[in-house]
Amino acid sequence: MEQSLFVYNTLTRRKEQFVPINPPFVGMYVCGPTVYSNAHLGNARTYISFDLVFRYLTHLGYKVRYVRNITDAGHLEGDAGDEGEDKIEKKAKLAHLEPMEIAQKYTLDFHDVMQALNILPPSIEPRATGHIIEQIELVKLILQNGFAYEVNGTIYFDVEKYNKTQDYGILSRRNLEELINNTRDLGGQDEKRGKLDFALWIKAKPEHLMKWPSPWGLGFPGWHLECSAMSEKYLGKHFDIHGGGIDLVPTHHTNEIAQGVAACHINPAKYWIHTNMLTMNGQKMSKSLGNSILPYELFTGHNSILSKGYSPMTLRFFILQAHYRSTLDISNDAMEASEKGFKRLMNSFSLLDDLTASATGEADIAPLQQRCYDAMNDDFNSPVLIAELFEASRIINSVHDGKLKIDQSNLDLLKQLMQTFMLDILGLKNEEAANNDLPNVMNMIVGLRSEAKANRDYATSDRIRDGLQKIGFQLKDSKEGTTWNKI
RNA sequence: GGUCGGAUGGCCGAGUGGCUAGGCAGAGGUCUGCAAAACCUCCUACAGCGGUUCGAAUCCGCUUCCGACCUCCA
C-alpha cells in the first residue's frame with residue numbers, strides 16, 4: 001500500500017513529506033544515553049517515540065538502518081572546557097570502579113529497560129570509546145578546514161569563525177549575537193577565544209583515567225563529537241533522520257551540525273526529529289532536578305509520587321497516547337486512566353480469535369484502516385491512531401456480543417488491522433503470562449460454577465466468583481457461557 | 001533578563017477557519033438470578049479581553065499564568 005508520510009522537521013519547523021535520500025533505504029541516527037546512571041522515565045519516552053518511528057518506517061517497507069549510540073566517554077560535567085570532568089569518570093572515582101565498569105553497569109540497565117518496554121534494538125549500537133580513532137580523524141579534518149584551533153593540547157571549535165560563512169543557529173533559530181549576549185560567564189574558559197566555542201578534544205590531566213593518545217597529546221573527545229563520528233561512519237555524511245530529545249536542539253545538535261558542515265560541508269541529516277519532554281507536576285523530569293522516576297520504580301510502585309505500580313506496557317501505552325512533540329505530564333490519575341484503557345483494548349483484542357463471521361455484515365473495516373494510516377502518516381500521530389483502535393475495539397465487542405454482524409473478509413481485515421497497528425507499529429503486547437496450565441484449571445473451576453448455577457445454588461456460584469475476584473480473576477457471564485480474565 | 005513554546009470539558013489528551021477525536025471518571029439505559037463486563041445514550045470544553053471573517057478552539061494583537069532553553073540533560 002502506498003502511503004504518503006509527513007514528518008515534522010525541526011530544521012524547517014514544518015511538516016514535510018518524507019522522501020528518503022536513497023530509497024528504499026533509510027538511515028536514522030538517534031542520540032542514545034550517556035551511561036553514567038540509570039535511565040529514567042523521560043529517557044524512556046524518547047526511545048519509545050523513536051521505536052514508533054522505526055517500526056512504522058519498517059512497516060512501510062523501508063530498509064531502515066537505525067543507529068543509536070551509547071556515550072561512554074567524553075561527556076563533560078558542566079561546560080567548563082578543560083576544567084570539566086568526565087561524567088563516567090567522576091562516578092567511577094566515587095565508587096572505586098573502573099570507568100568501563102560504570103559504563104557496563106548502566107548499559108545493561110538501559111538494555112533491560114528497553115527490553116521491558118518492548119523497544120526494538122537498533123541495527124547498530126556503537127560506543128564512543130570504540131570510535132576514538134574516528135573522532136580524532138574528524139578533529140583533524142575540522143582543524144584542516146580551519147574551523148578549530150589548539151590551545152595547550154585542547155582543540156576548540158571556532159563558532160564565530162564558522163558563523164561567518166555558515167548559520168550556526170540554523171536549528172535553534174537563534175542568532176549568534178543573541179547567543180553571545182545571553183551566555184553566562186563561566187570560570188575556567190580563559191583558553192577559549194569565543195564564549196560559544198566548544199571542545200572537540202580535551203587534554204587529559206595526569207589523574208584522568210580515560211584518555212587516549214592523539215596528535216595533541218593524551219586526551220579524550222568532547223561531547224558532540226562522538227555522534228558526528230559514528231553517524232558518519234555508519235550512515236554517511238548525509239543521511240535521512242537524526243533524532244533525539246528536544247533539549248538537545250540548542251547545544252548538542254547545533255554543534256553536531258556545525259561539526260558536520262565544518263568537516264564534510266554538509267548538514268548531516270535531512271530531517272531532524274525531536275521528542276518533547278515528560279513532565280511531572282508540570283516540570284521537566286530530569287536527573288538534575290531530582291524529580292525523575294526510574295522505570296523499575298514505576299513498575300514496582302516503589303516511588304514517592306505514584307500510589308501503585310504500573311506495568312511496562314501501561315507506560316508504553318500512556319506515552320503513545322500523547323503525540324511525541326507535546327509535553328506529557330505523568331500523574332496517578334493519568335496512569336490509572338491509561339491502565340484501564342489499555343486493558344480494555346487488550347481485552348477486545350483477545351476476543352478477536354473467537355469471533356465468527358456472518359454471510360453478510362454491517363461492519364466496514366477498510367475506511368477505519370485508512371484512518372489508521374492517515375493518523376500515522378500525519379507525523380506519527382499515535383494518539384489519533386489509538387482513538388481509531390478503540391473504534392475497532394468497539395466493533396469487536398459488538399460482534400462478540402452478537403449486536404453487530406461482520407462478514408469474513410471484513411473480519412480478516414479487522415484482525416490484520418489490530419495485529420499491524422497495535423502489535424507491530426505501536427509495539428504493544430499482551431502482558432498476561434502465558435501459562436498453559438492456568439486455562440485448564442480455570443475452565444474446570446468455571447465449569448463447577450456453571451453447574452452450581454444450573455442447580456440454582458447461587459451461594460456456591462457467588463462464592464467461587466467472589467473468591468476468584470479476590471485473587472485477581474474476573475468472571476463474565478453471557479448467553480454463550482462464562483469467560484474470565486485476569487484483573 | 002533574553003529566545004522559544006504552551007494554556008482544551010472533573011482528569012489525561014487529539015484537533016490550525018465551518019463537519020465540534022479518544023481514554024478515564026460521572027449519570028441514565030439494555031443485558032443479567034445478582035454482580036461484573038460489554039453495548040447504547042448523556043455530560044459538548046477550548047485562559048481573559050479586543051480584532052479579522054458570513055463563520056475562530058483554530059488567524060492577528062494585548063493581558064495573565066505555566067514551561068523549555070540560555071549550565072549537564074532524552
Side-chain angles (χ1 to χ4, degrees), chain A residues 13 30-34 36-37 39-50 75-80 84 87 169 172-175 178-184 186 196 223 243-252 274-279 282-289 292 317-318 321-323 325-342 344-345 347-348 351 371 375 378 381-391 393-394 396-404 453 456 458 461-462 465-466 469 474-479 482-485 487:
Chain A
R13 308 280 155 115
V30 172
C31 291
T34 303
Y36 66 97
S37 65
H40 65 71
L41 247 35
N43 305 106
R45 184 184 186 195
T46 296
Y47 301 119
I48 286 173
S49 299
F50 284 105
H75 204 153
L76 291 177
E77 191 76 57
D79 182 29
K87 278 195 166 180
S172 64
R173 300 259 166 131
R174 292 183 201 177
N175 67 53
E178 258 170 31
L179 283 168
I180 291 169
N181 291 335
N182 290 311
T183 300
R184 293 178 202 175
L186 297 166
L196 296 174
W223 186 39
I246 201 169
D247 52 352
L248 297 181
V249 168
T251 308
H252 185 55
H274 293 98
T275 59
N276 216 318
M277 300 290 105
L278 184 70
T279 62
Q283 275 213 316
K284 173 184 174 182
M285 182 179 289
S286 75
K287 290 170 192 169
S288 48
L289 281 172
S292 58
F317 183 74
F318 167 73
Q321 263 189 309
H323 188 260
R325 279 191 292 113
S326 303
T327 55
L328 172 62
D329 200 66
I330 190 167
S331 67
N332 244 330
D333 287 351
M335 286 302 296
E336 195 77 33
S338 284
E339 183 177 57
K340 288 184 181 170
F342 177 56
R344 207 156 89 79
L345 209 51
N347 251 350
S348 60
L351 294 176
R371 289 202 301 277
D378 185 14
N381 198 326
S382 55
V384 169
L385 170 60
I386 288 171
E388 300 298 348
L389 293 184
F390 273 108
E391 168 67 15
S393 161
R394 217 200 79 243
I396 293 168
N397 289 331
S398 293
V399 172
H400 181 76
D401 284 359
K403 288 168 180 162
L404 185 75
K453 262 178 65 176
R456 301 198 151 260
Y458 294 125
S461 73
D462 287 357
R465 185 183 64 200
D466 298 345
Q469 174 93 24
Q474 181 172 66
L475 299 188
K476 288 177 275 192
D477 292 337
S478 71
K479 280 175 191 164
T482 302
T483 57
W484 60 272
N485 66 283
I487 301 167

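So that the names make sense, note that chain A is the first sequence line, chain B the second, and so on, each numbered from 1. Just so you know, these numbers come straight off a predicted model, no measurement behind them.
Remark: B:C34 base-pairs with no nucleotide; criterion is Watson-Crick or G-U wobble with both hydrogen-bond distances under 3.5 Å. With both pairing distances under 3.5 Å, B:G26 is matched to B:C42 as a Watson-Crick or G-U wobble pair. Nucleotide B:G2 forms a Watson-Crick or G-U wobble pair with B:C69, both donor-acceptor distances falling under 3.5 Å. Across all strands shown, B:A7 forms a Watson-Crick or G-U wobble pair with B:U64, both key distances being under 3.5 Å. Nucleotide B:A14 forms no Watson-Crick or G-U wobble pair with any nucleotide shown, as no partner meets the under 3.5 Å limit on both distances. Figure legend. B:U52 is base-paired to no nucleotide; pairs are counted as Watson-Crick or G-U wobble with both atom distances under 3.5 Å. Base pairing annotation: B:U58 forms no Watson-Crick or G-U wobble pair, as no partner gives both donor-acceptor distances under 3.5 Å.
Remark: A:Asp401 pairs with A:Lys403 by the salt bridge (Lys or Arg N to Asp or Glu O under 4.0 Å) rule, at least two apart or across chains. Applying the side-chain contact (heavy atoms from CB on, under 4.5 Å) test to A:Ala375 and every residue at least two apart in sequence or in another chain returns A:Val384, A:Leu385. For A:Arg173, there are no salt bridge (Lys or Arg N to Asp or Glu O under 4.0 Å) partners two or more places apart in sequence or in a different chain. Remark: A:Ser49 pairs with no residue by the side-chain hydrogen bond (donor to acceptor under 3.5 Å, both in side chains) rule, at least two apart or across chains. Applying the salt bridge (Lys or Arg N to Asp or Glu O under 4.0 Å) criterion to A:Arg45, with sequence neighbours excluded, gives no partner residue. With sequence neighbours left out, the ring-ring contact (aromatic ring centres under 6.0 Å, His included) criterion links A:His252 to A:Trp223, A:His224. Judged as a ring-ring contact (aromatic ring centres under 6.0 Å, His included), and not counting sequence neighbours, A:Phe50 has no contacts.
Heavy atoms of A:Lys340 sit under 4.0 angstrom from primed sugar atoms or phosphate atoms, though from no base atom. Nucleic acid contact for A:Leu389: none, since no nucleic acid atom lies under 4.0 Å from a heavy atom of the residue. Nucleic acid contact for A:Phe342: none, since no nucleic acid atom lies under 4.0 Å from a heavy atom of the residue. At the heavy-atom level, A:His40 lies under 4.0 Å from base atoms of the strands shown. A:Gly244 comes within 4.0 angstrom of sugar-phosphate atoms only, judged by non-hydrogen atoms across all strands, and of no base. At a threshold of 4.0 angstrom between heavy atoms, the contacts of A:Met335 with the nucleic acid are absent.
For the P atom pair drawn from B:C70 and B:G18, the interatomic distance equals 38 Å after rounding to whole Å. Annotation: B:C12 and B:G33 have their C1' atoms spaced 38 Å apart (nearest Å). Straight-line distance between the C1' atoms of B:U53 and B:C60: roughly 12 Å, to the nearest whole Å. B:G22 sits 11 Å from B:C42 when the P atoms are compared, rounded to a whole Å. Rounded to a whole angstrom, the distance from the P atom of B:U20 to that of B:G13 is 23 Å. Annotation: B:C62 and B:A38 have their P atoms spaced 49 Å apart (nearest Å). Across the C1' atoms, B:C11 and B:U16 are found 25 Å apart, a figure rounded to whole Å. Comparing the same atom, P, in B:C54 and in B:C69 gives a spacing of 44 Å after rounding to whole Å.
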*asked:* Apply side chain to side chain contact (heavy atoms under 4.5 Å, CB included) to residues A:Leu345 and A:Ser393 and explain how you reach the verdict.
replied: CA-CA 6 Å; A:Leu345 209 51; A:Ser393 161; 3.8 Å; yes
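Residue A:Arg13 places its CZ atom among more than 12 non-hydrogen atoms of other residues, nucleotides or ligands, all under 6.0 Å distant.
For A:Asp247 and A:Thr251, each mapped to the nucleotide of RNA chain B holding its nearest heavy atom, the one lying further toward the 5' end belongs to A:Thr251. Nearest-nucleotide positions on RNA chain B for A:Glu388 and A:Asn276 put A:Glu388 closer to the 5' end.
When rounded to the nearest whole Å, the span between CG of A:Leu196 and P of B:C69 equals 18 Å. Separating the NE2 atom of A:His274 from the C1' atom of B:C69 is a distance of 13 Å, rounded to the nearest angstrom. Residue A:Glu178 contributes atom CD, which lies 7 Å from atom P of B:C4 at whole-angstrom precision. Between the CD atom of A:Glu336 and the C1' atom of B:G23 there is a distance of 13 Å, given to the nearest Å. Straight-line distance from the CZ atom of A:Arg174 to the C1' atom of B:G5: 11 Å, rounded to whole Å. Put simply, CE on A:Met277 is 10 Å from P on B:A68, counting in whole angstrom units.
Residue A:Ala334 comes nearest to A:Phe318 through the heavy atom pair CB-CE1, 3.6 Å, listed as atom of the first residue, atom of the second, then distance. Scanning all heavy atoms of the two residues, the minimum distance from A:Thr279 to A:Gly282 falls at CB-C, 3.9 Å. Between A:Ser382 and A:Ala322, the shortest heavy-atom contact is OG-O, 3.7 Å.
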*nucleotides 6-18 of chain B: protein proximity per nucleotide (B base, S sugar-phosphate only, - neither; heavy atom, under 4.0 Å)*: -----SSSSS---
*Under 4.0 Å protein heavy-atom contacts per nucleotide of nucleotides 30-41 of chain B, with B for base, S for backbone only and - for none*: ---BBBBSBSS-
